[in-house]
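Notes follow the structure.
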Amino acid sequence: MLETNSPVSGPVALPTVTADDETLRDALTAGNIPTLLLVLRTLTGDPRWFAEPYRPSRTIAMNDNDSGGLPEPVQQEIRDAVLDVLRELRDGGRGVTPPPLGAELIEILGESLGEQVPAEYAPSMAEDAGFVPSDAFDGPPLGADLSVVIIGAGISGICAGTALRRLGVDVTILERNDDVGGTWLDNDYPGAGVDTPSHLYAFSFAPWPSWSRYYAKQPEILDYLRRVADQEGLRSVIRFGTEVLGATWDSGSSVWRVQVRARDGVVSELASDVLVSSVGQLNRPVVPALPGLDTFPGPAFHTAQWDHSVDLTGLRVGVVGTGASAMQVVPAIAEQAGSLVIFQRSPQWVAPNGNYLREVDPRTRLLFEQVPYYRPWYRLRLMWMFQDKLHPTLQRDEAWERAADGRSINRTNDKHREFFTRYLREQLGDREDLVAKSLPDYPPYGKRMLLDCNWFSTLRRDDVSLVTSGVAAIDGSTVVTEDGGRHEVDVLVFATGFSARKMLHPLDIRGRSGTSLRERWGDDDAWAHLGIEVPDFPNLFLMYGPNTNLGHGGSTMFHAECQVHYMVALLREMVASDVAAVEVRRDVCEDYVARVDAAHENMIWTHPGMSTWYRNAAGRVVTNSPWRLQDYWTMTRRPSLDEHIVTPARQSSSKGVA
């Protein structure tokens, strides 16, 4: 049952209005007008709220369009109407009406955005908003006879653990760290934060209305993940300080034998029907093997292993890399350090975003916390703006690429290049030296798009230097670059990314034939059906596996929930059919991987002359998904036993700790 002023069907609780009139009136002045119109339309059913003069203007790019492009008197009329409805809800004069579904949901969402949203999005959006229940998180129980071991207690592990716990499955989560959080526990460098809007970067089954920033920083994200783990009772099934060494499929008992090492060094074994890898792609930091690095006398560390004992005050700091981590950490430490020298391998495209550094007004937070439907409608607007809307613009037009001399891949992409170039020049002003160093020669979105967190203004500082020659070696406290330059530093920070393509390393996972995943994949060529299943590895499910990174934008939470839905649906089929094990057929997997590769050939990440961590040594895109999120949501709805080799009779499994 929902916590509302009147019963409404759906898995997610709607808030109760408790604030007095003056507090509500004041809060509404800070509300997003298109979202308030959606609230009005939902609570009153009155279609006039998206007719003239209330029809909002089109929402452009990543702008929230808070005013809706409407004159102030019309905005105030909308706020007054919302206040009247909220007052009635609070005082018992009105009940909360059910949310719109199907064509109506899509129609009014499109009206709020000023553009058409495809009808096919209605089911996924209704489920994400909590307007309808999710089979994976709110369906009938699977039962405790099924045992599952999950490796990792980060985002994916929490997502999978929550679904399976809610469905009554016997779950054990193995976590090498001493707390939940995964990458958000490890990456606590100064300035660390998310580049997806906070209100989208949350599980649909665990919404959080009280974000303090539109783009949350690491401590708040970690607090959120801890809160979800606590609310879902996951800590009782997590073995902290436990490192997984490997796992072997036992065909005789149809179980996984999982080898683990505890904090005290003791090695033991667990057995389970199902094994879920939630280790992800960005969990093993990479520090380049620079000649002479061992001679550096000062602190040297990766951003994911930040040494908080080091006081940077007045020190000369060298930062190697200009990717996402560097772009956050450099502005965060520039004021403290005595000087900064940044070693850039290649420049990055940087996008402006008015919300990136913005805190959520406490009045707006009250709307998220108390106004029925405000939070889910705001989130659905973000889903369209930040997830699939960009996808069509990332398709390659070979004729255009040739004519554009490789600077863009299609007409729209070229407009993006012009926009981002203009922004870069505006920010760097008369610093033509920095413009020359900072302007990429490859198409926008060819590498991970970064958000400006005062990067350009930091580059303009007198105590910050940008070096564009690669680092060749370390000579004591001197960084030697390939052009012969020598740069004295006291501290070295490596913002050099992760071993993303070497997936599941260093785990030794061995399937039915005894062959390991590493032997199947090599070091940089991972593949899997839907990024989830691999032939010869029964009852193994990968979270954030091959080709599931969202290069075009969107929330990893959404993608994780898709993967969990697929796993749960397949487990339901197993239980219903008394099946001991399922293994995706090789032809099914090969067909899927071929479709992934073919789709990538038409996308920006295979644009020639550009290297990224998305592609392996042979040029194949290994990490990124080529699909719209809507496509992937559809693909993961209804798995079929017909696409699998099944072990038909469930056998005694000798489970437990050896």
Does Trp521 have Arg518 sitting over its ring (NZ/CZ under 6.0 Å from centre, angle to axis within 45°)? no

Does this structure show an ion pair linking Arg166 with Glu232, if we count only N-O contacts that are shorter than 4.0 Å? yes

Could you go step by step and tell me if Glu107 and Arg41 meet the salt bridge (Lys or Arg N to Asp or Glu O under 4.0 Å) rule? CA-CA 11 Å; Glu107 178 186 356; Arg41 176 67 173 78; 5.7 Å; no

Going through the distances and angles, do Asp441 and Arg407 end up as a salt bridge (Lys or Arg N to Asp or Glu O under 4.0 Å)? CA-CA 6 Å; Asp441 59 2; Arg407 296 181 306 163; over 6 Å; no

Which label fits Trp349 and Phe420: parallel for a plane angle under 30°, tilted from 30 to 60°, or perpendicular past 60°? tilted

Specify whether His199 and Tyr378 have parallel, tilted or perpendicular ring planes, treating 30° as the upper limit for parallel and 60° as the lower limit for perpendicular. perpendicular

Tyr445 vs His416 aromatic rings, parallel, tilted or perpendicular, using cut-offs 30° and 60°? perpendicular

Backbone N/O of Tyr544 and side chain of Gln563: donor-acceptor pair under 3.5 Å: yes

Are Arg411 and Trp400 in a cation-pi setup, meaning NZ or CZ lies under 6.0 angstrom from the ring centre and within 45 degrees of the ring axis? no

Aromatic ring pairing Tyr614/Trp605, orientation class (parallel under 30°, perpendicular over 60°, tilted between): perpendicular

Plane angle bin for His559 and Tyr632 - parallel if under 30°, tilted between 30 and 60°, otherwise perpendicular: tilted

Using 30° and 60° as the class boundaries, would you call the ring planes of Phe386 and Tyr215 parallel, tilted or perpendicular? perpendicular

Between Ile155 and Tyr201, what is the shortest heavy-atom contact and its length? CD1-OH, 3.2 Å

